[in-house]
Amino acid sequence: MARRLKPVGLEFTESAPLRLVFAREVSAPPQAVFSALSEDVTGWPAWFSAVTLARPTDGGAGREVRLRGGTRMRETILAAEPDTVYAYRVDETNAPGIRALVEEWRLTPSGVGGTRVQWTFAADGAAAFRVGLRLGRAGLGRAFRDAVAALDRRIAANSRDFRAS
């Protein structure tokens, strides 16, 4: 990975030149969603179809992620507040045009035992990158909705398996 990105902080999710925010409600409780996001990093490919590999690095302080199409990223965890927020910054990538990227997963209780999952994709980059993301917003939103629905099904199946044993 030859490209090093700007080392922004969590506040970048509010100030980034490009912010895409998506939300969806799931039936799983915040604790289970948070655990899947932050503790079961290697499980991401099972529910987020764009992810082909995810593994913790630096004793859990970072992640290595590979996406379909060959994009690779090394990330630093910026926030891991139990049942509330999980966020990471991309430090290195092979993707062109990106200057800074932070993703934040914010969880709030919803309904009877469910969770509202909000994903903020905060980025800065070359003009072509920003235009491409704006044009790809609908596809990114669909990927998020599909991933969160798959995560909810995975959590429910794991809960049934756990109760059956």
Side-chain angles (χ1 to χ4, degrees), residues 1-16 18-24 26 28-109 115-125 129 133 140 143-144 146-159 161-163 165:
M1 280 181 256
R3 304 190 75 263
R4 192 116 180 98
L5 304 187
K6 184 177 173 185
V8 294
L10 190 56
E11 72 284 348
F12 190 68
T13 60
E14 296 297 325
S15 63
L18 180 62
R19 294 177 66 247
L20 303 177
V21 181
F22 306 98
R24 181 176 178 129
V26 298
Q31 306 91 303
V33 176
F34 181 81
S35 177
L37 292 171
S38 66
E39 296 168 19
D40 186 20
V41 173
T42 59
W44 279 55
W47 57 270
F48 207 132
S49 65
V51 177
T52 61
L53 175 128
R55 66 179 188 90
T57 60
D58 303 320
R63 305 178 346 150
E64 176 187 354
V65 175
R66 293 185 186 179
L67 304 179
R68 259 195 232 170
T71 300
R72 297 183 320 269
M73 295 174 280
R74 290 194 61 79
E75 303 169 340
T76 296
I77 307 302
L78 297 176
E81 298 172 22
D83 312 340
T84 307
V85 65
Y86 183 65
Y88 43 88
R89 171 187 67 226
V90 175
D91 295 318
E92 296 177 29
T93 185
N94 64 341
I98 306 172
R99 285 192 281 267
L101 177 60
V102 172
E103 295 180 43
E104 177 191 68
W105 297 78
R106 188 156 295 273
L107 311 175
T108 48
T115 305
R116 179 178 187 271
V117 180
Q118 178 179 295
W119 181 45
T120 300
F121 189 93
D124 187 17
F129 170 76
L133 270 182
L140 203 54
F144 164 76
D146 292 349
V148 172
L151 175 59
D152 199 30
R153 288 190 301 272
R154 179 178 166 90
I155 291 169
N158 288 343
S159 293
D161 292 345
F162 179 74
R163 285 191 304 267
S165 29

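Values below: all heavy atoms of this structure, side chains included; hydrogens, waters and symmetry mates excluded. The chain is numbered in sequence order, starting from 1.
- Between Phe48 atom CZ and Leu37 atom CG the span is 10.0 Å, to the nearest 0.5 Å.
- Once rounded to the nearest 0.5 Å, the distance linking CD of Glu14 with CZ of Arg19 reads 5.0 Å.
- Residues passing the side chain to side chain contact (heavy atoms under 4.5 Å, CB included) test with Thr108 are Arg116, sequence neighbours excluded.
- With sequence neighbours excluded, the residues satisfying side chain to side chain contact (heavy atoms under 4.5 Å, CB included) with Leu53 are Arg55, Glu64, Arg66.
- Applying the side chain to side chain contact (heavy atoms under 4.5 Å, CB included) criterion to Ala100, with sequence neighbours excluded, gives Lys6, Val8, Phe12, Asp124.
- Between the CG atom in Leu5 and the CZ atom in Arg99 there is a gap of 10.5 Å [rounded to 0.5 Å].
- Residue Arg3 holds its CZ atom at 7.5 Å from OG1 of Thr93, rounded to the nearest 0.5 Å.
- For the pair Ala54 and Trp44, the tightest heavy-atom approach, listed with the atom from each and the gap, is CB-CB, 4.0 Å.
- Taking each heavy atom of Arg63 and Val65 in turn, the nearest pair found is NH2-CG2, 3.5 Å.
- In terms of heavy atoms, Ala123 sits closest to Leu133 at CB-CD1, 4.1 Å.
- Distance check: Thr13 OG1 to Arg89 CZ gives 13.0 Å after rounding to the nearest 0.5 Å.
- Nearest heavy atom pair, residue Ala28 against residue Thr115, reads O-OG1, 2.6 Å.
- Contact of the Leu151 side chain with the Arg24 side chain is not registered, since no non-hydrogen atoms from C-beta on lie closer than 4.5 Å.
- Under the side chain to side chain contact (heavy atoms under 4.5 Å, CB included) criterion, Ala80 pairs with Phe34, Ile77, Tyr86, sequence neighbours left out.
- In this view, Asp146 satisfies the side-chain hydrogen bond (donor to acceptor under 3.5 Å, both in side chains) rule with no residue, not counting sequence neighbours.
- Formation of a donor-acceptor pair under 3.5 Å by the Thr84 side chain with backbone atoms of Pro82 is found in this model.
- Put simply, the side chain of Asn94 reaches to within 4.5 Å of the side chain of Thr71, judged on heavy atoms.
- With values rounded to the nearest 0.5 angstrom, Thr76 atom OG1 is found 7.0 Å from Asp58 atom CG.
- Among all heavy-atom pairs drawn from Ala87 and Leu10, the shortest one is CB-CD1, 3.5 Å.
- Note on ring orientation: taking the six-membered ring where Trp is involved, the planes of Phe144 and Trp105 are tilted (angle from 30° to 60°).
- Considering only residues two or more places apart in sequence or on other chains, Phe121 meets the ring-ring contact (aromatic ring centres under 6.0 Å, His included) condition with Trp119.
- Side chains of Pro45 and Val51 form a contact here, defined as non-hydrogen atoms less than 4.5 Å apart.
- Here the shortest heavy-atom pairing between Asp83 and Gln31 reads OD1-CA, 3.1 Å.
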